[in-house]
Structure formats: C-alpha cells, structure tokens
Protein chains: 2
Amino acid sequence: MKEELECEQTIIHEDVIKKVSKKIKDEDELVDLAEFFKIFADSTRIRIINALIHSDMCVCDIAYLLNMTHSAISHQLKILKQAKIVKYEKIGKVVYYSLDDDHIERIFHMGVNHIEERK
Amino acid sequence: MKEELECEQTIIHEDVIKKVSKKIKDEDELVDLAEFFKIFADSTRIRIINALIHSDMCVCDIAYLLNMTHSAISHQLKILKQAKIVKYEKIGKVVYYSLDDDHIERIFHMGVNHIEERK
DNA sequence: TGAATATATGAACAATTATTCATATATTCA
DNA sequence: TGAATATATGAATAATTGTTCATATATTCA
C-alpha cells in the first residue's frame with residue numbers, strides 16, 4: 001500500500017488529541033516564543049547578557065571582555081536591540097548598552113538554575 | 001595606521017571591565033546555557049513541549065496534532081530526549097513521551113509571560 | 001576642517017540545523 | 001511465521017545564521 005497520509009485515520013488516542021488541541025497555544029504564538037528563546041540560544045549573546053547583568057557597558061568594553069571584534073559584538077547587539085532585550089543610550093561617540101528589564105535577568109537565571117541542578 | 005588590535009589599549013572603562021570580569025560566569029557554563037536555550041529555540045520543539053504540558057503523548061498523536069511527519073517528530077523527540085527535556089515509556093509498540101520535570105514547564109511559561117507582557 | 005575614535009552595517013562565507021526520504025527495528029496479532 | 005503498525009535513524013538537501021571583511025556614519029577635539 002502507498003505510504004498512508006501520516007496518521008490521517010490512525011489517531012491512536014483521539015481523546016488525548018481532542019483535549020490537548022483545545023489547550024495548546026496558537027501556532028503563531030509558539031513561533032514567536034521559539035523566536036524569543038532563539039535570542040538566548042547563542043553563546044555570544046548569552047555572554048553579552050551575562051555581562052550586562054552586572055553593568056551597563058559600551059561596545060568596546062564588551063568586545064574587549066569577550067575577546068571578540070567590535071563588528072561581531074555590534075551585530076549581536078543589533079539582534080538584542082531588535083528583540084528588546086537591551087536598550088541603549090548614546091553619549092558622545094560611545095553607546096552604552098544595558099538590559100531592557102529585569103525579566104531578562106530572571107530568564108537567564110532560570111536557565112542557569114536548570115543547568116546547575118542537573119549536574 | 002594598521003587596524004588596531006581591537007581595543008587592546010583602548011579599554012574605555014577599565015574599572016567596569018575589572019568588576020564585570022570577576023562576576024561573569026565561566027565561558028563553558030555560558031556555552032552550556034546557550035545550548036540549553038537552543039532546545040526551546042525551535043518552533044517544532046516548542047510545540048511538542050506545549051503539547052506535553054497538557055498530556056503524555058505518543059509519537060503518532062504528536063505528529064497528528066502538529067500536522068507533521070512521524071519522522072520529523074521522532075527526530076525532534078530524540079533531541080528533547082538527549083537534552084533531558086522529555087522522558088519516555090514504551091508500552092508495546094507505542095512510546096509515550098512526557099516532560100521530564102516541571103522546571104521545563106516553568107521555563108516555558110516564563111517565556112510566554114515575557115511575550116505576552118510586551119504586547 | 002580634518003584626523004582619530006566608536007559604532008554600525010552590507011555582503012560573502014562558513015557552519016549549523018531542520019526536514020525529507022528511504023529504510024531499519026521492534027512489537028502485535030492473525 | 002508473516003503482515004501490519006509504531007517508532008527510529010542515516011544521509012541528503014534546504015534553510016538559517018554567526019562571523020569576518022571592508023566600508024560607512026557619527027562624534028570629538030586639535
């Protein structure tokens with residue numbers, strides 16, 4: 001027989017499907033949620049976030065601290081900015097970045113806790 | 001002049017660097033943390049997690065619910081399994097997946113809250 | 001104004017990763 | 001035992017994404 005259309009008649013637990021499909025969030029919202037976690041899913045960005053937890057910093061400071069080029073840091077800061085993870089203030093030539101709110105720090109620490117607990 | 005070696009003498013805020021470098025976590029730990037968030041950073045996996053919050057489910061159920069192939073779901077479940085996000089129990093031919101602990105659900109909801117608050 | 005400095009950014013390249021396809025394994029049941 | 005079913009998986013492909021390189025913009029200060 002031809003490959004069946006993937007479970008079209010083979011729902012194993014129809015009751016479960018019914019119950020769960022009522023409760024799960026819209027696909028759109030879950031796509032946004034994945035997008036949000038994507039921000040934390042890069043070690044450069046996580047290191048920037050970790051640094052900014054402790055102090056506002058300018059691009060040059062961050063680049064020096066992480067031993068990376070200004071360009072790489074600037075690109076990642078752009079992503080963090082667009083995602084409203086960081087805010088910034090320009091004073092003269094220097095742009096100071098800081099975490100947008102303490103929600104970010106809480107999510108960071110929740111991840112840390114999980115990592116440390118499973119050791 | 002040649003492109004300077006990226007801030008080697010141009011530390012703008014030496015005091016900040018000093019303070020922050022003492023407080024930030026080891027790079028290794030932050031790499032692990034990014035790896036952990038990577039698990040949540042895919043919409044298929046987030047949708048699986050969201051489903052499993054509401055009920056244990058088998059591969060076929062999940063595939064039907066998300067309208068995806070068994071293979072795609074199985075591959076993602078493998079990643080979730082390896083990351084200890086889900087656990088499973090095989091009964092006969094059927095493998096039932098469930099969230100490994102309620103930590104996972106809390107991290108999921110923390111993300112949801114952030115998304116919803118910023119609307 | 002012009003040199004120096006701090007940051008930003010487009011394009012190219014390299015690396016990673018999700019899905020598909022084909023196939024394999026495991027289990028049930030006639 | 002053999003057909004049917006549920007799940008798993010390796011390899012290939014397609015898509016996404018991080019960094020580098022070159023260059024642009026903005027600001028200060030002599």
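Since this is a predicted model, take the numbers as computed values, not measurements. In what follows, chains are A, B, ... by sequence order, proteins preceding strands, each numbered from 1. Excluded from the calculations below are hydrogen atoms, water molecules and symmetry mates; all remaining heavy atoms, backbone and side chain alike, are included.
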Heavy atom of residues 72-86 of chain A under 4.0 Å from DNA chain D: which residues? A/A72, A/H75, A/Q76, A/I79
Specify the separation, in whole Å, of atom CG of A/D42 and atom C1' of D/dG18. 7 Å
Whole-Å distance separating the CE atom of A/M68 from the C1' atom of D/dC21: 14 Å
Could you give the CG-to-P distance, from B/D61 to D/dT5, as a whole number of Å? 16 Å
Contact check, side chains of A/S43 and B/V31, non-hydrogen atoms, under 4.5 Å: yes
In whole angstroms, the gap separating C1' of C/dA15 from NZ of B/K38 amounts to 11 Å
For DNA chain C, the expected dot-bracket line (Watson-Crick or G-U under 3.5 Å, [ ] crossing, | inter-strand) is ||||||||||||||||||||||||||||||
Give a yes or no on this: more than 12 heavy atoms of other residues, nucleotides or ligands lie within 6.0 Å of atom OH of B/Y96. yes
Whole angstrom is fine here: how far is it from NE2 in A/H70 over to C1' in D/dA22? 16 Å
Measure NZ/B/K90 against P/C/dT25 and give the value in whole Å, please. 13 Å
From D/dT7, C/dA8, C/dT27, pick the nucleotide closest to the side chain of B/C60? D/dT7
Quick one: side chain to side chain donor-acceptor pair (under 3.5 Å) partners of A/E35, sequence neighbours excluded? A/K38
Measure from the side chain of B/V94, starting at C-beta and using heavy atoms only, and say which of D/dA22, C/dC21, D/dA6 lies closest. D/dA6
From B/I73 atom CD1 to B/K78 atom NZ, the distance as rounded to the nearest 0.5 Å: 15.5 Å
Hey, does the side chain of B/S71 come within less than 4.0 Å of C/dT20's phosphate (OP1/OP2), counting only N and O? no
Nearest-angstrom distance from the residue atom OH of B/Y96 to C1' of C/dT27: 13 Å
Identify the heavy atoms of A/V95 and A/K90 that sit nearest to each other, and give their distance. CG2-CG, 4.0 Å
Heavy atoms of other groups near B/D15 CG, more than 12 under 6.0 Å: yes
Pair B/Y64, A/H13: side-chain N/O donor-acceptor within cut-off below 3.5 Å: no
Considering every strand and a 4.0 Å limit on heavy-atom distances, what is the contact class for B/Y97: base, sugar-phosphate, or nothing? sugar-phosphate
C/dA6 C1' sits how many Å from A/Y88 OH, rounded? 15 Å
Atom CD1 in A/I46, atom CD1 in A/I39: separation rounded to 0.5 Å? 10.5 Å
Nearest of D/dT9, C/dG10, C/dT27 to any side-chain atom of B/K93? C/dT27
What's the separation between atom CG in B/D101 and atom CD1 in B/I104, rounded to the nearest 0.5 Å? 5.0 Å
